[in-house]
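One structure is given below, encoded as C-alpha cells.
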Amino acid sequence: MMHCVDMSTAGFDEARLERITDHLASRYVQPGKIAGCQALVARHGSVAYLRSFGCADLERAAPVRDDTIWRIYSMTKPITSVALLTLYEQARFELNDPIERFLPEWRDVRVREGDGRLVAPERPITVRDLLMHTSGVGYGFDPAHPVDQLYAEADLRDPTHTLEEFSRRLAALPLKFHPGTRWHYSYATDLCGRLVEVISGRPFDQYLREVVFEPLGMVDTGFVIPEREVGRLAANYRRNADKALEVFDDPRTSVYLRPRRPSGGGGLLSTTADYHRFVEMLRRGGELDGHRVLGERTLRFMVRNHLPGGASMSRLSLESDALGTGSAGIGFGLGFAVILDPAEMGAIASPGEYFWGGAAATLFWVDPVEDLAVIFMTQLMESPFDFRGQLRQLVHQALV
C-alpha cells in the first residue's frame with residue numbers, strides 16, 4: 001500500500017504522534033464504540049503515520065486491512081467538485097452561469113417564502129451556488145420543514161433514478177431560500193454531477209473514471225463494489241438504543257452491489273490509499289506523478305472562502321449549527337470547507353486548512369501551512385464522536 005517514512009523526517013515527534021494509536025484503540029475500538037478504523041497522517045508528501053485498528057466486519061471477524069474498502073459518502077463531494085472544475089478550465093462554463101443554461105428544468109423554479117407563498121427567485125441559481133451550497137436546495141433532513149416534507153414525498157433518495165430524472169424531480173420542488181442568501185448543506189453536489197455529464201457529454205461515472213481516477217491511479221474507487229471484492233468492503237454500523245453496534249449495511253447484501261444512481265454528493269466507495277492519491281493531488285496543487293488534473297491557480301481558487309463578504313457558515317447557515325459540531329470560524333469554497341479563524345473555531349488549526357467528511361464518520365483535511373494531510377476512515381452512521389477535532393489535537397501536538 002503506502003510506506004511510512006521516519007516520523008522525525010516528516011517533522012513529528014514519534015512518541016507524541018503514537019498517542020493517536022492509544023487514543024483510537026483504547027477509547028474507541030476496544031470499548032466497542034466503533035468496529036474498526038484506519039488513520040493516515042502525511043507531511044511534505046510522505047506518510048508518517050498509518051495504522052489499522054479493529055474489525056472491518058464484526059460479524060465475520062474480518063480485520064481492517066490496508067486495502068479495506070470504505071463508504072466515503074460526502075467525501076465524494078470534493079471529487080465531484082474537482083471534476084466539474086476540470087470543465088471550467090476548458091472554458092465550458094462560467095461560475096456565474098445560471099444552471100438553467102444546462103439544465104432547462106430549473107428555469108421555472110420557485111422559492112417558498114415564510115408565509116407559504118411561492119415566488120420567483122431574486123436571481124437564478126448559478127453553478128457557483130451549487131458548488132457552495134447557497135442554491136436554496138436542501139437535503140430534506142428536517143421533517144418539520146414544509147419543503148423537506150415535499151422532498152420526502154418526491155422520493156429523491158430512490159437509487160434507481162438517473163441523474164437526469166433526479167434533477168427533474170428536484171427542480172419541481174420549491175427552494176428553501178433565495179439563491180446566494182444563505183448556506184445550507186444540500187443535494188447541490190448531486191446536481192454538479194449532472195452538470196458534469198451534460199457539459200462533457202459523457203456519463204458522470206465514466207467522466208470521473210477517465211479524468212480523475214485513472215490518471216491518479218485510484219484503482220478501488222467507484223460507485224459499485226465488484227462481487228470479487230466484496231470481502232474487502234467494510235460493514236457499516238449504527239448504534240442502537242443501548243449504544244451497541246448494529247449493522248446498517250452488510251457487505252454481503254450491500255446496496256453497493258447493485259448499479260445505482262452515481263451520486264456526486266455521496267455515492268463513492270474508496271480505500272485510504274486511493275483517497276490519499278486524491279488528497280496528495282490537492283496538496284501538490286492539482287498534479288500527481290506527472291498527471292495534472294487541475295491547474296494550481298484553479299485549486300487555490302477552490303479552497304478559499306467564497307461566502308458573501310467573507311462570512312463564516314455559522315453566520316449564513318439556514319440552521320443554527322450547520323455542521324453538527326459547530327461552524328464558527330469556518331467558511332466554504334467550491335466544494336470544501338475552509339478554516340478562517342482557528343481561535344473563533346476553538347481548535348488548533350491553520351488558516352486556510354480545507355476539509356470535509358462523510359456520513360459514516362470518515363474525514364480528511366489538508367493544511368497548506370504545515371504541508372499536512374490527514375485521512376480517517378471508519379463506518380459509523382450518526383456518529384456522536386468528534387474524530388476530526390480529536391485528531392487535530394493529536395496531530396498538531398506532535399509537530400516539531
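In this text the structure is predicted, and so the values were computed from the model without any measurement. The chain is numbered in sequence order, starting from 1.
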- Task: Show the numbers, then the answer: is there a side-chain contact (heavy atoms from CB on, under 4.5 Å) between L95 and F93?
- Result: CA-CA 7 Å; L95 290 173; F93 67 90; 4.1 Å; yes
- Query: Which pair of heavy atoms, one from A349 and one from P342, lies closest together, and at what distance?
  - Reply: O-CG, 3.4 Å
- Within a strict 4.5 Å, meaning less than it, do heavy atoms of the L288 and R277 side chains meet? yes
- Query: Is a donor on one side and an acceptor on the other found under 3.5 Å between the side chain of E287 and the backbone of D289?
  - Reply: yes
- Query: Cut-off 3.5 Å, side chains only: do E210 and Q206 have a donor facing an acceptor?
  - Reply: yes
- Backbone N or O of G286 within a donor-acceptor pair of the R284 side chain at under 3.5 Å? no
- Message: Regarding Q38 and R51, do their side chains bring together a donor and an acceptor under 3.5 Å, going by distance alone?
- Response: no
- Taking all non-hydrogen atoms of both residues into account, name the closest pair between D249 and S254 and its distance. OD2-OG, 2.7 Å
- Message: When you compare the side chain of W356 with that of K77, does any pair of heavy atoms fall below 4.5 Å?
- Response: yes
- Message: My understanding is that only one of F355, F387, Y275, Y354 makes a ring-ring contact (aromatic ring centres under 6.0 Å, His included) with F364; could you say which?
- Response: Y275
- Message: Checking T21 against Y49 for the side chain to side chain donor-acceptor pair (under 3.5 Å) test, could you report, in this order, the C-alpha distance in whole Å, the side-chain angles of both residues, the deciding distance, and whether it holds?
- Response: CA-CA 10 Å; T21 300; Y49 180 94; 2.6 Å; yes
- Task: Give the cluster check for Y28 versus L40: same hydrophobic cluster or not, with ILVMFWY residues linked at side-chain heavy-atom distances below 4.5 Å.
- Result: yes
- Message: Assess, by modelled atom type and distance only, whether the side chains of Q397 and R19 contain a donor and an acceptor separated by less than 3.5 Å.
- Response: yes
- Hey, could you give me the CG/OG1 distance between L85 and T80, rounded to the nearest 0.5 Å? 11.5 Å
- Query: Going hydrophobic residue to hydrophobic residue with side-chain gaps under 4.5 angstrom, can you get from V109 over to M132?
  - Reply: yes
- Message: Walk me through whether E246 and R238 qualify under salt bridge (Lys or Arg N to Asp or Glu O under 4.0 Å).
- Response: CA-CA 6 Å; E246 64 179 21; R238 62 185 169 194; 3.1 Å; yes
- Message: Would R260 and Y256 count as a cation-pi pair here, with the cationic atom under 6.0 angstrom from the ring centre and within 45° of the axis?
- Response: yes
- S327 and S312: which non-hydrogen atoms are nearest, and at how many Å? O-CB, 4.1 Å
- Query: Does I225 share a hydrophobic cluster with F213, counting links as ILVMFWY side-chain heavy atoms below 4.5 Å and allowing steps through other members?
  - Reply: no
- Message: Hydrogens and angles aside, do T86 and E89 bring a side-chain donor and acceptor to less than 3.5 Å of each other?
- Response: no
- Query: Does the distance from a Lys or Arg side-chain N to an Asp or Glu carboxylate O, for R117 and D115, drop under 4.0 Å?
  - Reply: yes
- Message: Apply side-chain contact (heavy atoms from CB on, under 4.5 Å) to residues L173 and Y151 and explain how you reach the verdict.
- Response: CA-CA 7 Å; L173 305 177; Y151 274 44; 3.6 Å; yes
- Task: Look at the side-chain heavy atoms of Ile, Leu, Val, Met, Phe, Trp and Tyr, link any pair under 4.5 Å apart, and say whether I69 and F223 land in one connected group.
- Result: no
- Task: Kindly say whether P121 contributes a backbone atom to a donor-acceptor pair with the side chain of H178 at under 3.5 angstrom?
- Result: no
- Check whether any side-chain N or O of T76 sits under 3.5 Å from a backbone N or O of Y73 as a donor-acceptor pair, and report yes or no. yes
- Message: Within the 4.5 Å heavy-atom criterion, are D367 and V374 side-chain neighbours or not?
- Response: no
- Message: Determine whether S263 and D190 satisfy the following criterion, side chain to side chain donor-acceptor pair (under 3.5 Å), listing intermediate values before the conclusion.
- Response: CA-CA 6 Å; S263 167; D190 288 84; 2.7 Å; yes
- Under 3.5 Å donor-acceptor, E229 side chain and R232 backbone: no
- Heavy-atom donor-acceptor pair, T162 side chain to E165 backbone, under 3.5 Å: yes
- Query: Between the side chain of E353 and the main-chain N/O of V338, is any donor-acceptor distance below 3.5 Å?
  - Reply: no
- When the ring planes of H133 and F332 are compared, do they come out parallel, tilted or perpendicular, using 30° and 60° as the limits? perpendicular
- More than 12 non-hydrogen atoms from neighbouring residues, nucleotides or ligands closer than 6.0 Å to CD on E227, yes or no? no
- Task: Evaluate the side-chain proximity of M302 to R297: yes if any heavy-atom separation is below 4.5 Å, no if none is.
- Result: no
- Note on the structure: Heavy-atom closest pair (I34 atom, L380 atom, distance to 0.1 Å) is CG2-CD2, 3.9 Å
- Query: How many angstroms lie between atom CZ of R168 and atom NE2 of H161, to the nearest 0.5 angstrom?
  - Reply: 13.5 Å
- Item | Pairing of D57 and R60 as salt bridge, 4.0 angstrom limit | yes
- Message: Are the side chains of L191 and W106 in contact, using a 4.5 Å heavy-atom criterion?
- Response: yes
- Task: Would you check if there is a donor-acceptor pair between the side chains of D129 and T134 at a distance under 3.5 Å?
- Result: yes
- Query: Centre of F376's six-membered ring, under 6.0 Å away, within 45 degrees of the axis: is that where NZ or CZ of R388 sits?
  - Reply: no
- Query: Hey, does the Lys NZ or Arg CZ of R283 hover above the aromatic six-ring of F278, less than 6.0 Å from the centre and inside 45° of the axis?
  - Reply: no
- Scanning both residues in full, the closest heavy-atom pair of I348 with R392 reads O-CD, 3.5 Å
- Query: Does R27 reach the main-chain N or O of D22 with its side chain, forming a donor-acceptor pair under 3.5 Å?
  - Reply: no
- Message: Is there a continuous path of hydrophobic side-chain contacts, each under 4.5 Å between heavy atoms, that joins L399 to V41?
- Response: yes
- Would you kindly check if the NZ (Lys) or CZ (Arg) of R304 is within the cone defined by 45 degrees around the ring axis of F301 and under 6.0 Å from the six-membered ring centre? no
- Should the heavy atoms of other residues, nucleotides or ligands under 6.0 Å from CD of E382 be counted, would the total exceed 12? no
- Message: If you define the side chain from C-beta out and look only at heavy atoms, does anything of L195 sit under 4.5 Å from L84?
- Response: yes
- Nearest heavy-atom neighbours spanning A361 and T378: CB-CG2, 3.7 Å
- Item | Between Y185 and S74: side-chain donor-acceptor atoms closer than 3.5 Å | yes
- Item | R258 atom CZ: more than 12 heavy-atom contacts under 6.0 Å | yes
- Task: Begin from the C-alpha positions of R252 and D250 and carry the test salt bridge (Lys or Arg N to Asp or Glu O under 4.0 Å) through to its verdict.
- Result: CA-CA 6 Å; R252 306 294 173 178; D250 187 291; 5.5 Å; no
- Query: Ignoring hydrogens and geometry, is there a side-chain-to-backbone donor-acceptor pair from D148 to D142 under 3.5 Å?
  - Reply: yes
- Message: Could you measure the distance from the OG1 atom of T189 to the CG atom of L131? Nearest 0.5 Å is fine.
- Response: 7.5 Å
- Message: Quick check against the 3.5 Å criterion: does R43 have a side-chain atom that pairs as donor or acceptor with the backbone of E370?
- Response: yes
- Message: Are L394 and H23 packed together at the side-chain level, in the sense that at least one heavy-atom pair is separated by less than 4.5 angstrom?
- Response: yes
- Item | Beyond-backbone contact of N96 with V127, side-chain heavy atoms, under 4.5 angstrom | no
